[in-house]
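The structure appears right after this line, and notes come after that.
In the text below, chain A, chain B and the rest are named by the order of the sequence lines, each starting its count at 1. Note that the coordinates shown come from a computational prediction; the quantities given were computed from them, not determined experimentally.
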Number of protein chains: 2
Amino acid sequence: MEAFRRHLRDRGLPVTQQREVVAAAVFFAERHVSVGDIEQGLLRQGEHVGKATVYRTLELLQSADLIQEHDFGEGFKRYEPLAARGYHEHLICLRCGRVEEFASERFERMSTLIADEHGFRHHHHRWEIYGVCPECQRRDPTARRPPTPQREEHER
Amino acid sequence: MEAFRRHLRDRGLPVTQQREVVAAAVFFAERHVSVGDIEQGLLRQGEHVGKATVYRTLELLQSADLIQEHDFGEGFKRYEPLAARGYHEHLICLRCGRVEEFASERFERMSTLIADEHGFRHHHHRWEIYGVCPECQRRDPTARRPPTPQREEHER
DNA sequence: TTTCCTGCAAATCGTTTGCATTAAA
DNA sequence: TTTAATGCAAACGATTTGCAGGAAA
């Protein structure tokens, strides 16, 4: 939050109400929110911020390295705060969309190694595991993932 | 090709001209073609197949487990034939979009292990490494990825 | 004031769908 | 003939963009 204000001031950009609430929405979210989640959350608090502004602020936050964008193949993107959390990978539930994390410094190193072997300069990597979480297995051991349009909360 | 015909006959579905050419376009492509690539390729051969039919055929090929869909974050999907090729992961060039493969039975096992640790039932995983390929490094050691709208060949 | 932002609506772009027409079996 | 597929154009859904009006510095 403070880091974002500093980032903006450092390059002479205005610190607006909208930028503050959108940043807060991502920083203080449980985790991995979609643009829909952010809008819903803000509306619930009585804040109204236009979609375009949400997208523009997310872009700013990314270029400031304060959040990270993810695409888990749901048809829309999710965002997570980067502050003070080490590198980690994601485990995604195909039924409810819940996202868990697991550490992997080790894979970071392996990726670099493999890139080297192919002569590539390593930039980043993605390791995602898709499956069915314990709760969903218990709930219905056979069902398949229902389509999830971006409207309500998708987290958990 | 033959497997696709068999798959169709087995469920009483017509083996049409369009299905054959679209399937061939993916099977015999160098690799990892987009819908745009497929259309272009067919047009070049004088074949005209509607976009909708291309998408519908790709869906069929996927449910027959003959091709695999990928999303490398370019804004559109790519498809690769699954025939006779072992499990492998992808190394993607951020500048030219070129895709290389590397084997990884080992990571298949690791994914299952990690899923187990979290109580998830493992379904599939994704391990992708993004970087800059040797040619692009040589060409211009500092440039960044240009946006790539889906029009022409994206492969290589 | 000046400059940069915001909100809205329109535009984009890949992908999907409805429906009248046409091709397989 | 019967049944299912095709092609076109319209619909979709997330994201982006143009622009008139509004808020920071």
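- The aromatic rings of B:H70 and B:H90 stand perpendicular to each other, their planes meeting at an angle above 60°, with 30° marking the opposite boundary.
- Side-chain polar atoms of A:E108 and A:H122 form no donor-acceptor pair below 3.5 angstrom.
- Across the protein-nucleic acid pair, B:I38 atom CD1 and C:dG14 atom C1' stand 13 Å apart, rounded to whole Å.
- Proximity note for A:A52 (side chain, C-beta onward) versus D:dT15, C:dA9, D:dA4: the nearest is C:dA9.
- For the OP1/OP2 pair of C:dT15 and a distance below 4.0 Å, the side-chain nitrogens and oxygens of B:Y55 include at least one atom meeting the criterion.
- Considering B:L60, B:V35, B:T16, B:V54 as possible partners of B:V22, the one that fulfils the side chain to side chain contact (heavy atoms under 4.5 Å, CB included) test is B:V54.
- Between B:G50 and B:G12, the residue anchored closer to the 5' end of DNA chain D is B:G12, taking for each the nucleotide with the nearest heavy atom.
- Under 3.5 Å, the side chains of B:E89 and A:H125 contain no donor-acceptor pair of N or O atoms.
- B:E69 CD: more than 12 foreign heavy atoms inside a 6.0 Å radius.
- Of the candidate nucleotides C:dC8, C:dT6, D:dT15, D:dT15 has the atom nearest to the side chain of A:V35.
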Readout for nucleotides 19-24 of chain D: B = base within 4.0 Å of protein heavy atom, S = sugar-phosphate only, - = neither; 5' to 3' it is -----S
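- Taking every side-chain heavy atom of B:T53 into account, D:dT6 is the closest of C:dT6, D:dT6, C:dC8.
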